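Chain A is the first sequence line, chain B the second, and so forth, proteins listed ahead of strands; every chain is numbered from 1. The model shown is predicted, which means the values in this text are computed figures rather than measured ones.
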2 protein chains.
Amino acid sequence: MDTLELRELRYFVTVAEELHFSRAAQRLGIAQPPLSRAIQQLERRLGVSLFDRDRRGVTLTGAGEVLLHEARVLLDGAAAAARRTRRAASGSGPRRLTLATKAGANHELLRKLLAVYAAEPDAAEVEVLPCAMGEQARMLRDGRADVAFMQRPFDALTGLDTQDVLTEGQVAILPATHPLAARETLTMADVRGLPDLPLARWPRQDGTYDPGPGPEIKDLSQLAQLIALGQTVAVLCASSRTWLWNAHAAVPLTDSPEVTTVLAWPAHSRSRAVAGLVRAAAGL
Amino acid sequence: MDTLELRELRYFVTVAEELHFSRAAQRLGIAQPPLSRAIQQLERRLGVSLFDRDRRGVTLTGAGEVLLHEARVLLDGAAAAARRTRRAASGSGPRRLTLATKAGANHELLRKLLAVYAAEPDAAEVEVLPCAMGEQARMLRDGRADVAFMQRPFDALTGLDTQDVLTEGQVAILPATHPLAARETLTMADVRGLPDLPLARWPRQDGTYDPGPGPEIKDLSQLAQLIALGQTVAVLCASSRTWLWNAHAAVPLTDSPEVTTVLAWPAHSRSRAVAGLVRAAAGL
DNA sequence: CGCTCTCATACCCGGCGGGTATCACAGCGG
DNA sequence: CCGCTGTGATACCCGCCGGGTATGAGAGCG
């Protein structure tokens with residue numbers, strides 16, 4: 001019948017990644033024949049062929065590609081479900097929330113939100129978990145966090161629900177000694193392609209960087225250091241001013257897109273505590 | 001270990017719904033003892049107790065509530081994954097798309113979108129599937145449709161990604177013979193609480209209706225009929241004008257919230273065809 | 001033509017998911 | 001106070017299925 005099992009999906013994903021039954025079996029810690037059989041069984045159940053095994057190797061069919069993606073989502077979801085359940089049990093209970101946030105971003109706003117929320121009658125205890133650059137989305141998706149501070153349009157918000165909290169412009173952060181630091185405003189064209197000061201590069205979702213001359217940034221303290229040393233410029237949202245050093249200068253950009261800080265949570269969350277926090281955020 | 005299995009989750013959900021092991025076992029078509037054992041095993045695996053079994057009945061623990069919700073999402077996801085995989089295989093392939101749309105809404109816009117998309121080099125064939133009121137979301141979630149026309153803020157878009165297509169005001173649709181039909185504009189206050197003409201009521205997500213004097217609407221043809229008969233008024237987005245009868249009159253509302261028609265698709269979709277359609281929609 | 005590398009097939013075994021019988025316990029009516 | 005009823009838990013057995021090993025069947029290749 002219809003009754004997919006996660007074990008089969010785990011097997012399938014491994015084979016689809018390796019495109020090689022023996023290697024996949026090895027990675028799974030089982031022998032090759034049972035793996036072949038499991039995949040055949042899955043194909044029979046779905047009534048669909050997932051791999052083309054012709055001479056010279058195994059390839060995914062169209063349906064296989066679809067299932068590969070679906071299966072990954074499901075497996076991640078299962079791991080998240082387990083984690084959320086464990087967290088709900090282990091002391092934390094529904095009376096405790098974990099909020100993930102960018103390491104260096106907007107403690108003012110967060111403080112205000114937490115203060116407003118704490119005033120609610122049945123407010124949960126909120127644990128704030130600063131995390132690396134694009135890490136919040138993963139935290140939410142895999143169940144380690146209940147809610148997160150993120151930024152549109154930078155962060156990938158797919159599959160998350162959001163509540164806008166604050167919209168603001170961006171500023172260029174440059175060394176205080178740089179000639180442009182004295183200007184009242186700048187344009188993107190001004191900061192892009194300064195021969196002496198390449199624009200810093202952020203990691204994309206997958207952790208890679210697009211090519212360019214600027215340094216590859218891993219976290220804010222590193223960026224701050226590099227700017228102070230006069231080695232790079234960065235473009236950040238205006239509230240980044242809160243953590244600037246003396247050696248930094250922030251100049252508003254007139255033509256950069258606006259950045260909206262949002263509170264984000266997994267689309268299917270039904271936690272009362274999250275709902276309360278969102279209500280508080282909506283009222284800011 | 002960590003290795004949840006869907007069979008266990010199915011069992012768990014059934015017990016959680018029945019709050020009674022014997023009845024749950026009956027519904028599952030197995031005997032009670034294996035079911036008890038399966039649940040115990042699940043609890044052991046998670047290291048969490050999911051039910052309180054004291055004298056007089058079984059109740060969910062906090063962690064149990066969390067897992068119940070997570071498990072339902074996962075099981076729905078698994079069913080959707082199977083459906084999507086089968087659809088991807090059965091002829092349709094990635095070269096075919098199913099678009100769900102409200103029965104009577106905005107064929108103009110849809111025609112334009114389909115025309116623009118069809119002009120793309122590798123456009124897929126699009127099958128349009130008109131469906132009942134709030135049905136599109138379910139269609140997307142359970143894998144029967146790839147993409148849908150929906151409306152904000154009416155439809156529940158949780159867990160879906162969207163591309164705005166058109167924003168417009170709302171109009172009151174009333175019998176052509178009604179005194180207010182001659183007015184240039186109306187306000188919400190005008191149409192709410194007309195003694196002779198109660199406002200039509202739409203189903204909510206769960207299929208229930210909020211209380212009120214007006215008739216409970218199931219589909220547009222029914223609504224059109226009732227308005228023509230002079231039995232009700234409705235508030236709809238401006239593009240509803242396309243399907244009006246002679247016996248209807250549409251009068252713009254000045255103070256009703258704007259309605260945005262959006263193209264929506266499951267948050268994790270990676271289909272090239274969907275992406276193409278979204279691109280076409282973005283360019284409208 | 002064999003050698004090798006693939007995945008599929010054939011076959012066997014042990015564990016686990018399923019069943020039946022029974023227990024332990026709580027409420028309850030006599 | 002005592003069975004009776006109905007709950008979930010325990011004990012035990014069985015058959016199937018997931019796992020293993022050995023081998024087959026093609027395809028490339030020296």
Side-chain angles (χ1 to χ4, degrees), chain A residues 1-61 63-65 67-68 71 74-75 78, chain B residues 1-61 63-65 67-68 71 74-75 78:
Chain A
M1 282 298 171
D2 201 2
T3 163
L4 284 191
E5 279 305 326
L6 289 187
R7 183 180 45 82
E8 300 177 308
L9 293 185
R10 280 185 271 267
Y11 288 5
F12 167 72
V13 168
T14 309
V15 174
E17 283 171 357
E18 296 285 345
L19 290 179
H20 193 288
F21 279 76
S22 307
R23 275 200 301 274
Q26 195 176 358
R27 250 182 61 189
L28 289 165
I30 66 174
Q32 169 259 318
L35 179 57
S36 285
R37 209 179 44 186
I39 299 292
Q40 285 169 8
Q41 181 173 326
L42 180 61
E43 288 179 311
R44 262 205 330 266
R45 251 185 220 163
L46 289 168
V48 159
S49 83
L50 301 168
F51 294 103
D52 281 329
R53 303 94 149 149
D54 29 24
R55 55 191 171 287
R56 206 46 140 259
V58 176
T59 51
L60 275 171
T61 63
E65 304 252 15
L67 184 61
L68 174 57
L74 275 174
L75 292 173
Chain B
M1 288 295 165
D2 200 6
T3 161
L4 285 190
E5 279 305 325
L6 289 187
R7 184 180 46 84
E8 299 177 308
L9 293 183
R10 281 185 271 266
Y11 287 5
F12 167 72
V13 168
T14 308
V15 175
E17 283 171 358
E18 295 285 344
L19 290 179
H20 194 291
F21 279 75
S22 308
R23 275 200 301 274
Q26 195 175 357
R27 249 182 61 189
L28 289 165
I30 64 172
Q32 169 260 318
L35 179 57
S36 285
R37 208 179 45 186
I39 299 292
Q40 286 169 7
Q41 180 174 326
L42 180 60
E43 288 179 311
R44 242 180 311 122
R45 249 182 220 165
L46 288 169
V48 158
S49 83
L50 301 168
F51 294 102
D52 282 330
R53 306 90 151 148
D54 29 24
R55 56 194 170 289
R56 209 40 145 254
V58 176
T59 51
L60 276 171
T61 62
E65 304 251 15
L67 184 61
L68 174 57
L74 274 173
L75 292 174

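The distance between atom CD of A/Gln32 and atom P of C/dT4, rounded to the nearest whole Å, is 18 Å. To the nearest angstrom, P of C/dG15 lies 19 Å from CD of B/Glu5. Rounding to whole angstrom units, CG of residue A/Leu19 and C1' of C/dC5 are separated by 16 Å. Between the P atom of C/dG17 and the CD1 atom of B/Ile39 lies a distance of 13 Å, rounded to the nearest Å. For B/Gln26 and C/dG18, the CD to P distance is 17 Å, given to the nearest whole Å. Atoms CZ (B/Arg44) and P (D/dA9) sit 12 Å apart, rounded to a whole Å. Rounding to whole angstrom units, CG of residue A/Leu35 and P of D/dG19 are separated by 10 Å. Taking atom CG on B/Leu28 and atom C1' on C/dG18, their separation rounds to 13 Å, with Å as the unit.
The aromatic rings of B/Phe12 and B/Phe51 are tilted relative to each other, their planes meeting at an angle between 30° and 60°.
Looking at the side chain of A/Ile30, the nearest of the listed nucleotides C/dG18, D/dA9, D/dG20 is D/dG20. Distances from the side chain of B/Val58 to the nucleotides D/dG8, C/dA8, D/dG19 place D/dG8 closest. Among the nucleotides C/dC7, C/dA10, D/dA11, the one closest to any side-chain atom of A/Pro33 is C/dA10.
Judged by distance alone, the side chain of B/Arg45 and the main-chain N or O of B/Thr3 form a donor-acceptor pair under 3.5 Å.
For the atom pair CZ (A/Arg7) and CZ (B/Arg7), the distance works out to 10.0 Å, reported to the nearest 0.5 Å.
OP1 or OP2 of C/dA8 lies within a sub-4.0 Å distance of a side-chain N or O belonging to A/Arg53. An OP1 or OP2 oxygen of C/dA8 is reached within less than 4.0 angstrom by a side-chain nitrogen or oxygen of A/Ser36. Considering only side-chain N and O atoms, A/Gln41 lies nowhere under 4.0 angstrom from the phosphate OP1 or OP2 of D/dC17. Between C/dT6 and A/Ser22, no contact under 4.0 Å exists linking OP1 or OP2 to a side-chain N or O. An OP1 or OP2 oxygen of C/dG18 is reached within less than 4.0 angstrom by a side-chain nitrogen or oxygen of B/Arg7.
Residue contacts for A/Arg37: at a heavy-atom cut-off of 4.0 Å it reaches a base atom on one of the strands shown. Heavy atoms of B/Tyr11 sit under 4.0 angstrom from primed sugar atoms or phosphate atoms, though from no base atom.
Other residues, nucleotides and ligands place no more than 12 heavy atoms under 6.0 Å from the CD atom of A/Gln26.
At a cut-off of 3.5 Å, with distance as the only test, no side-chain donor of B/Thr14 or B/Glu18 sits close to an acceptor on the other residue.
Taking only distance into account, the side chain of A/Gln40 never meets the base of C/dA8 through a donor-acceptor pair shorter than 3.5 Å.
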